[in-house]
Amino acid sequence: MTEALTDPIAIFKDAFARAQRTDRALLPEPSAMSLATAGEDGSPSLRIVLLKGVDDKGFVFYTNLESRKGRDLRARPRAALCFYWSALDLQIRVSGAATPVSDEEADEYFASRPRGSQIGAWASMQSSVLESHGDLDARVARYEKEFEGRDVPRPPFWSGFRVDPEEIEFWRNRANRLHDRTLYTRDGAGWRVETLYP
Ligand SMILES: Cc1cc2nc3c(=O)[nH]c(=O)nc-3n(C[C@H](O)[C@H](O)[C@H](O)COP(=O)(O)O)c2cc1C
């Protein structure tokens, strides 16, 4: 097997580049991925987040650390991700340990966001109950005033996680539901490669 076929991160990056080159009418949001976390009683919960970076160390996304997912991951630092790019007939599943990104990495990404999103990060108590939209508007106004005329710092409750993949599975659509499934499982410094029944 060639090097390229034994490295699922390289395969992911290649597919992601293809997804990004695909017409947005066919594949609107290549970075969107489902993120599954586990609650205190083991119940899963699932939502979409955006992939903001991928390399040999893992898959990075950003969020509010006090949100449901943030609390889940801080208490039970394991996650599963799933991409589905129908235009490419491809599903990709990833699972592994989730670790916080460094403060420097989070600062750098936060600084690259539009100012409105930075204020929004301060204003939103993500996943808490919002009594009225007026309350959110008031918080936005409060932080706009607080940071008027200066850079918006990253909130201490807002950062990223990196999911270090232990398993990556590529599912490719095939005729008669005889789909092609290739599972890569971390094995020391390399990966074990297996084909699964569809
Ligand atoms: C296309 C799309 C992209 C999203 N990207 C993010 C993201 O990168 N980070 C995030 O915290 N929430 C993102 N959200 C919102 C989440 O799906 C979710 O509603 C929110 O994070 C609260 O989730 P939680 O209560 O399970 O923590 C996105 C939603 C959609 C539909």
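Index from 1, following the sequence. Whatever order the structure lists ligands and atoms in, that order sets their numbers, starting from 1.
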Do NZ/NE/NH1/NH2 and the carboxylate oxygens of Glu108 and Arg154 come within less than 4.0 Å?
no
Give me the one residue out of Glu194, Gln91, Glu169 that meets side-chain hydrogen bond (donor to acceptor under 3.5 Å, both in side chains) with Arg181.
Glu169
Side chains of Ser159 and Val101 in contact at under 4.5 Å (non-hydrogen atoms):
yes
Do any nitrogen or oxygen atoms of ligand 1 lie under 3.5 Å from a protein nitrogen or oxygen, and which ones?
{"unit_1": "ligand 1", "atom_1": "8 (O)", "unit_2": "Leu50", "atom_2": "N", "d": "3.0"}
{"unit_1": "ligand 1", "atom_1": "9 (N)", "unit_2": "Tyr62", "atom_2": "O", "d": "2.9"}
{"unit_1": "ligand 1", "atom_1": "11 (O)", "unit_2": "Thr63", "atom_2": "OG1", "d": "2.6"}
{"unit_1": "ligand 1", "atom_1": "11 (O)", "unit_2": "Lys69", "atom_2": "NZ", "d": "3.4"}
{"unit_1": "ligand 1", "atom_1": "11 (O)", "unit_2": "Gln126", "atom_2": "NE2", "d": "3.4"}
{"unit_1": "ligand 1", "atom_1": "14 (N)", "unit_2": "Ile48", "atom_2": "O", "d": "3.2"}
{"unit_1": "ligand 1", "atom_1": "17 (O)", "unit_2": "Ile48", "atom_2": "N", "d": "3.4"}
{"unit_1": "ligand 1", "atom_1": "17 (O)", "unit_2": "Ile48", "atom_2": "O", "d": "2.7"}
{"unit_1": "ligand 1", "atom_1": "21 (O)", "unit_2": "Lys69", "atom_2": "NZ", "d": "2.5"}
{"unit_1": "ligand 1", "atom_1": "21 (O)", "unit_2": "Gln126", "atom_2": "NE2", "d": "3.0"}
{"unit_1": "ligand 1", "atom_1": "23 (O)", "unit_2": "Lys69", "atom_2": "NZ", "d": "3.3"}
{"unit_1": "ligand 1", "atom_1": "25 (O)", "unit_2": "Ser127", "atom_2": "OG", "d": "2.5"}
{"unit_1": "ligand 1", "atom_1": "26 (O)", "unit_2": "Arg47", "atom_2": "NE", "d": "2.7"}
{"unit_1": "ligand 1", "atom_1": "26 (O)", "unit_2": "Arg47", "atom_2": "NH2", "d": "2.9"}
{"unit_1": "ligand 1", "atom_1": "27 (O)", "unit_2": "Ser67", "atom_2": "OG", "d": "3.3"}
{"unit_1": "ligand 1", "atom_1": "27 (O)", "unit_2": "Arg68", "atom_2": "N", "d": "3.2"}
{"unit_1": "ligand 1", "atom_1": "27 (O)", "unit_2": "Lys69", "atom_2": "N", "d": "3.0"}
{"unit_1": "ligand 1", "atom_1": "27 (O)", "unit_2": "Lys69", "atom_2": "NZ", "d": "2.9"}
{"unit_1": "ligand 1", "atom_1": "27 (O)", "unit_2": "Ser127", "atom_2": "OG", "d": "3.4"}

Donor-acceptor pair, Glu167 side chain versus Tyr184 backbone, under 3.5 Å?
no
Has the side chain of Arg78 got a donor or acceptor atom that lies under 3.5 Å from a matching backbone atom of Ala98?
no
Sorted by chain and number, sequence neighbours left out, salt bridge (charged side-chain N to carboxylate O under 4.0 Å, His left out) with Arg47 holds for none
